[in-house]
Asker: 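The structure under discussion is supplied below as structure tokens; questions concerning it will follow.
Predicted model, so just to flag it, every value in this text is computed and none were measured. One-based numbering, in listed order, for ligands and for the atoms of each.
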Amino acid sequence: MSGSRVLVLNSGSSSVKYQLLDMRDGGRLAVGLVERIGESGSRLKHSPADGESREWNGSVPDHDAALKAMAAELDRDGLGLGSPELAAIGHRVVHGGLRFTEPTVVDDAVLAEIERLIPVAPLHNPANLTGIRTAQALRPDLPQVAVFDTAFHTTMPESAARYAIDVETADAHRVRRYGFHGTSHAYVSRETARLLGRAPEDVNVIVLHLGNGASASAVRGGRCVDTSMGLTPLEGLVMGTRSGDTDPAVIFHLMRVGGMSADEIDTLLNKRSGLIGLCGDNDMREIRRRVDAGDERAGLAFDIYIHRLKKYIGAYYAVLGRVDAVAFTAGVGENSAPVREAAVAGLEGLGLVVDGGLNAVRGDGARLISPADARVAVAVVPTDEEMEIAAQTYALVNDSGNQNLT
Ligand code: AMP
């Protein structure tokens, strides 16, 4: 009989985040992070459920060293990768293109396809691949499962997924809207239905994932019908450092008139725009502190952020026709009462109202912040991408195990 533990790995270009979960009860056995891989001053932080957190500074030259350092820490807690309790390793993979609509057990063909998608996810897919290959080398006998950020959005109709540009050119270069944060949108839309005491199939939800990266999605009966990120995670909402929607002609203008290169504009729009570009801060706590102190630049940045958010709420209301709930999630969505209040202010005509008292209460779990008699529920629903990756991984491994038995 296979074990009940799943190790979830989120491998970035210079960091690896990991969680070891026990799927019998959803308990987190250990959580950790290796940062600054391949840079000076690498750092590991490891927190077992039954013990003190440990931190470690030293040299971690590559992902192989990072995963070995993680494995050594898990070993110290008696949770080593060699344990028969470990059922599978679940990997976050950012871009699955159109091919991967479901979590997928990794084999050579899957690796090759993730590699083929590197041109549309140059920052993420290479690091995700390295994480998978390194984990395979550590436990070649164990199923490695890829869970794709794009998968939840593959149900979008062509009318939402296609840009209105020449079809042949778009198809030749796989230019279309893929969407990201899908694991979070899937989890939060389902949890919102649970909060309402209804089946996901019966509920239409607008999910607002507002973290440092931010995206909105329109979910009809559990299936995504539109989302704000596109070919890359640059499109859509105003984010911590990304511009979100702009007129594409801004780019030509900056090239022709501003004399900037494509790479410079890429950096501008991804790293020096959004909240940080508008006011020099990307942390909503600091922005609110400045707004409350009367800082005009922070005030304008906040207003631009809210204006865009409100436009997407309105747009997705129209896309869905009937909305049962609006769910706020991720760092800003879960923690910033002023953002939630401002995003919904003035939308009473759409049935959207926030109760000031409920909105101000801080809490850990999913909760309603709209009045009991509201036409549309407004909710705060904490996201849990690791749990979703673990759950999808475990379900897939158990499924294939059962199929093998029959
Ligand atoms: P995430 O990407 O989901 O981890 O979200 C990170 C962002 O959440 C930070 O950049 C902050 O802007 C925001 N954030 C975190 N905690 C708070 C808080 N207590 N109040 C307002 N914003 C917060």
Side-chain angles (χ1 to χ4, degrees), residues 8 10-19 28 31-33 35 45 47 92 94 123-124 149 179-189 191 207-217 227-229 232-234 236-244 270-293 295 297-306 308-309 327-344 354 356 358-367 369 379-389:
V8 175
N10 182 352
S11 306
S13 55
S14 66
S15 71
V16 173
K17 293 186 199 143
Y18 61 89
Q19 291 197 7
R28 255 162 262 254
V31 175
L33 165 70
E35 283 178 302
K45 185 165 186 217
S47 307
R92 176 185 182 215
V94 166
L123 297 179
H124 295 101
D149 261 24
F180 299 88
H181 291 147
T183 310
S184 176
H185 287 284
Y187 177 84
V188 170
S189 55
E191 286 300 303
V207 178
L208 303 170
H209 176 112
L210 311 177
N212 201 28
S215 61
S217 68
T227 194
S228 60
M229 284 177 167
T232 77
L234 182 56
L237 300 173
V238 175
M239 309 182 213
T241 67
R242 294 178 217 146
S243 61
N270 275 295
K271 305 243 168 80
R272 294 197 290 120
S273 295
L275 293 169
I276 206 155
L278 289 167
C279 74
D281 272 308
N282 63 334
D283 191 314
M284 191 53 81
R285 283 164 288 203
E286 183 56 18
I287 292 169
R288 281 309 309 175
R289 196 194 57 72
R290 287 172 56 187
V291 173
D292 292 341
D295 182 321
R297 259 184 86 185
L300 180 58
F302 186 80
D303 290 348
I304 294 170
Y305 182 93
I306 295 297
R308 184 82 52 83
L309 196 50
F328 287 89
T329 194
V332 175
E334 291 168 31
N335 294 299
S336 180
V339 165
R340 296 191 298 255
E341 184 188 328
V344 169
V354 159
L358 293 174
N359 190 32
V361 175
R362 297 193 66 83
D364 285 341
R367 58 196 185 277
I369 57 170
V380 179
V381 181
T383 191
D384 194 340
E385 290 169 273
E386 288 78 16
M387 178 60 74
E388 179 70 16
I389 291 171

Asker: Measuring from each atom of ligand 1, which residues have a heavy atom under 4.0 Å away?
Answerer: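 Under the 4.0 Å cut-off, ligand 1 touches G211, N212, N282, D283, M284, R285, A330, G331, V332, N335, S336, R362.
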Asker: Have T183 and E385 got a donor and an acceptor in their side chains that come within less than 3.5 Å?
Answerer: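 Result is no, nothing qualifies.
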Asker: Give every donor-acceptor pair under 3.5 Å between a side-chain atom in residues 297-305 and any protein atom, sequence neighbours left out.
Answerer:
| residue | atom | partner | partner atom | Å |
| --- | --- | --- | --- | --- |
| R297 | NE | L278 | O | 3.2 |
| R297 | NH2 | L278 | O | 3.4 |

Asker: Any chance the side chains of S184 and H209 put a donor and an acceptor closer than 3.5 Å?
Answerer: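 H209 and S184 do have a side-chain donor-acceptor pair below 3.5 Å.
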Asker: Assess the side chains of H185 and S215: does a donor N or O sit below 3.5 Å from an acceptor N or O?
Answerer: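 Distance-only check passes for H185 and S215.
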Asker: Does E341 have any side chain to side chain donor-acceptor pair (under 3.5 Å) partners at least two apart in sequence or in another chain, and if so, which?
Answerer: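 By the side chain to side chain donor-acceptor pair (under 3.5 Å) rule, E341 matches no residue at all.
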Asker: List in chain and number order the residues that pass side chain to side chain donor-acceptor pair (under 3.5 Å) with R272, two or more places apart in sequence or in another chain; answer none if no residue qualifies.
Answerer: none
